[in-house]
Novice: 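Supplied in structure tokens, the structure appears directly below.
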Amino acid sequence: MSSEMVNGFKLLPGFLDRKAASDLVRGVAEIVASAPLVTPHMPRTGKPFSVRMTNAGSHGWFSDKAAGYRYQSCHPQTGRPWPQIPRDILAIWRALHPGAPPPQCCLINYYEDPKARMSLHVDADEEDFSVPILSLSLGDTALFRIGGTARKDPTRSVRLASGDVVSLAQDARRAFHGIDRIYPGTSTLLAENGFPGGGRLNITLRRVTAGG
Ligand code: MD3
Ligand code: FE
């Protein structure tokens, strides 16, 4: 990894083997069956995201025009609590972040549209920035970009392939980041495990509240 990369960024290429990745995708398909994917919208402008989302855990992240970015305990359409975070996902968290309190948000981003992307932003809706974030990439390769803690800081691009895991601690936890593009057709993982449209899934695990 480049020496200019923001501190606290740790990429574990191929951390998940095909079996582990397949099991995770099937687990996500079960979550989606009870908590359907939804299209978030930007605060104020109401512009739709190109990525669809759902969550597991006590705190689900969502955004719409009226109320903006927030965490909520229930699915915005079904009104039911989010499903529990799957055990295999919690095991990965414990293995990579030993001693950290358990994640409260398991955000699932689905990049099905080959044009789906996520513009440069900071994850800032949490109370606790001391606990690292964990991200699991499944399916098609993505071009991920991460900068520093100021928007003007230089950025680095990193390809995230299926099975790659990223841990974000320290300065990286507060760094600007986004997904510039997806490389369609680079993985068969999703199509073979309950997502006939293929594409890319990202699972992001976060601690939301302070304490714990
Ligand atoms: C760097 N998701 O959901 S995952 C997000 O691939 C998000 O769907 C992207 O950014 C995705 O907020 C990137 C990797 C990631 C997650 C959280 C971060 C990188 C991060 C928080 C701080 C810095
Ligand atoms: Fe983010």
Side-chain angles (χ1 to χ4, degrees), residues 1 5-13 15-16 21 24-25 28 37-40 42-43 49-57 59-63 68-71 89 92-93 96-97 100 103-151 153-183 186-187 190 195 199-208:
M1 199 48 55
M5 188 63 80
V6 62
N7 83 74
F9 178 91
K10 190 157 78 179
L11 170 63
L12 303 168
F15 182 83
L16 305 165
L24 287 173
V25 174
V28 171
L37 290 159
V38 284
T39 300
M42 293 295 289
F49 284 44
S50 56
V51 177
R52 285 184 298 154
M53 299 179 176
T54 189
N55 291 268
H59 292 66
W61 190 90
F62 188 63
S63 178
Y69 303 156
R70 78 273 192 181
Y71 284 97
I89 292 178
I92 296 165
W93 173 274
L96 293 177
H97 293 161
Q104 295 168 309
C105 175
C106 175
L107 173 64
I108 293 159
N109 293 329
Y110 184 32
Y111 299 76
E112 182 177 24
D113 182 342
K115 290 255 154 59
R117 56 185 206 92
M118 192 174 287
S119 55
L120 218 59
H121 67 276
V122 175
D123 291 16
D125 302 316
E126 300 77 30
E127 293 173 5
D128 190 337
F129 294 86
S130 68
V131 179
I133 288 176
L134 198 63
S135 156
L136 319 178
S137 289
L138 299 164
D140 285 342
T141 297
L143 187 60
F144 170 72
R145 192 148 56 97
I146 184 164
T149 52
R151 190 175 276 279
D153 290 339
T155 62
R156 288 262 156 186
S157 290
V158 181
R159 276 176 182 72
L160 296 179
S162 192
D164 290 358
V165 173
V166 182
S167 171
L168 303 130
Q170 301 166 267
D171 288 353
R173 172 67 182 78
R174 294 172 178 276
F176 279 85
H177 61 280
I179 295 289
D180 287 335
R181 65 161 298 188
I182 303 296
Y183 298 95
T186 47
S187 170
L190 267 53
F195 289 84
R200 172 176 186 261
L201 284 168
N202 179 262
I203 299 174
T204 300
L205 301 168
R206 302 190 187 91
R207 188 75 192 175
V208 178

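Counting starts at 1 for both ligands and their atoms, following the listed order. All values below were derived from every heavy atom in this structure, side-chain atoms included, with hydrogens, water molecules and symmetry-related copies excluded. Numbers here are sequence positions counted from 1.
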Novice: Of the backbone atoms (N, CA, C, O) and the side-chain heavy atoms from C-beta on, which set of F9 has a member under 4.0 Å from an atom of ligand 1: side chain, backbone, both, or neither?
Specialist: neither
Novice: Out of all atoms in ligand 1, which are within 4.0 Å of some heavy atom of R173? Include the element for each.
Specialist: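 Every atom of ligand 1 under 4.0 Å from some heavy atom of R173: 22 (C).
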Novice: Starting from atom 21 (C) of ligand 1, what is the nearest protein heavy atom, named by residue and atom, and what distance separates them?
Specialist: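 Of every protein heavy atom, H177 CE1, 3.3 Å lies nearest to atom 21 (C) of ligand 1.
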Novice: Is W61 near ligand 1, meaning one of its heavy atoms is under 4.0 Å from it?
Specialist: no
Novice: Does any non-hydrogen side-chain atom of D180 lie less than 4.5 Å from one of F144?
Specialist: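 With C-beta onward as the side chain, the pair stays apart.
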Novice: Closest non-hydrogen protein atom to atom 14 (C) of ligand 1, residue and atom name please, with distance?
Specialist: S135 OG, 3.4 Å
Novice: Taking C-beta and beyond as the side chain, do T204 and L134 meet within less than 4.5 Å on heavy atoms?
Specialist: no
Novice: Starting from atom 15 (C) of ligand 1, find the nearest protein heavy-atom neighbour and note its residue, name and distance.
Specialist: L168 CD1, 3.5 Å
Novice: Name the closest protein heavy atom to atom 17 (C) of ligand 1, giving the residue it belongs to and the distance to 0.1 Å.
Specialist: D123 OD2, 3.4 Å
Novice: Looking only at non-hydrogen atoms, which of M53, R206, R200 approaches atom 5 (C) of ligand 1 most closely?
Specialist: R206
Novice: Which heavy-atom pair separates H59 from C105 by the least distance, and what is that distance?
Specialist: O-CB, 3.1 Å
Novice: Considering non-hydrogen atoms of the protein only, which is the closest contact for atom 7 (C) of ligand 1, and what is the distance?
Specialist: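 For atom 7 (C) of ligand 1, the nearest protein heavy atom is M118 SD, 3.5 Å.
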Novice: List for me each residue that meets side chain to side chain donor-acceptor pair (under 3.5 Å) alongside S187, sequence neighbours excluded, and say none if there are none.
Specialist: none
Novice: Can you tell which part of A172 has a heavy atom less than 4.0 Å from ligand 1: side chain, backbone, both or neither?
Specialist: backbone
Novice: Over all heavy atoms of both residues, which pair between R200 and L190 is shortest? Give the atoms and the distance, please.
Specialist: N-CD2, 3.7 Å
Novice: Could you report the tightest heavy-atom contact between H97 and I133, atom names first, then the distance?
Specialist: CE1-O, 3.6 Å
Novice: Got a second to check how far L16's CG is from L138's CG, nearest 0.5 Å?
Specialist: 6.5 Å
Novice: Taking S137 for its side chain and G163 for its backbone only, find out whether a donor-acceptor pair lies under 3.5 Å.
Specialist: no
Novice: Between L107 and ligand 1, which residue portion shows a heavy-atom distance shorter than 4.0 Å: side chain, backbone, both, or neither?
Specialist: side chain
Novice: Report yes or no: does a heavy atom of A175 sit under 4.0 Å from some atom of ligand 1?
Specialist: yes
Novice: In terms of relative ring orientation, are F49 and W61 parallel, tilted or perpendicular, with 30° and 60° separating the classes?
Specialist: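 Correct class here is tilted.
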Novice: Less than 2.8 Å away from the Fe ion (ligand 2), how many protein N/O/S atoms can be counted, ignoring water?
Specialist: 3
Novice: Heavy-atom distance under 4.5 Å between the side chains of L160 and L11, does that happen here?
Specialist: yes
Novice: Name all residues meeting the side chain to side chain donor-acceptor pair (under 3.5 Å) criterion together with T141; count only those two or more places apart in sequence or in a different chain, and write none if there are none.
Specialist: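 For T141 there are no side chain to side chain donor-acceptor pair (under 3.5 Å) partners, ignoring immediate neighbours.
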Novice: How close does the nearest protein non-hydrogen atom get to atom 3 (O) of ligand 1, and which residue and atom is it?
Specialist: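 Heavy-atom neighbour on the protein nearest atom 3 (O) of ligand 1: N109 ND2, 2.9 Å.
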Novice: Quick one: does ligand 1 sit under 4.0 Å from the side chain of F144, the backbone, both or neither, non-hydrogen atoms only?
Specialist: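 Within the 4.0 Å criterion, F144 contacts ligand 1 through side-chain atoms alone.
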Novice: Can you sort out which atoms of ligand 1 are near I133, meaning under 4.0 Å from one of its heavy atoms?
Specialist: 17 (C), 21 (C)
Novice: Taking atom CZ of R174 as the centre, report whether more than 12 heavy atoms of other residues, nucleotides or ligands fall under 6.0 Å from it.
Specialist: no
Novice: With heavy atoms under 4.0 Å as the rule, classify the contact between E126 and ligand 1 as side chain, backbone, both or neither.
Specialist: neither
Novice: Using the benzene-type ring in the case of Trp, are the ring centres of F62 and Y69 under 6.0 Å apart?
Specialist: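 Ring-ring flag for F62/Y69: false, centres at least 6.0 Å apart.
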Novice: Any side-chain heavy atom of I203 within less than 4.5 Å of one from S135?
Specialist: no
Novice: Would you say R174 touches ligand 1, if touching means a heavy atom closer than 4.0 Å?
Specialist: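 Contact absent.
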Novice: Which ligand 1 atoms are under 4.0 Å away from a heavy-atom of I179?
Specialist: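 The list of qualifying atoms is 6 (O), 9 (C), 11 (C).
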Novice: Which residue and atom name correspond to the protein heavy atom nearest atom 8 (O) of ligand 1, and how close is it?
Specialist: Y111 OH, 2.6 Å
Novice: Using the test side chain to side chain donor-acceptor pair (under 3.5 Å), find all partners of H177 that sit at least two apart in sequence or belong to another chain.
Specialist: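 H177 satisfies side chain to side chain donor-acceptor pair (under 3.5 Å) with H121, D123 once adjacent residues are dropped.
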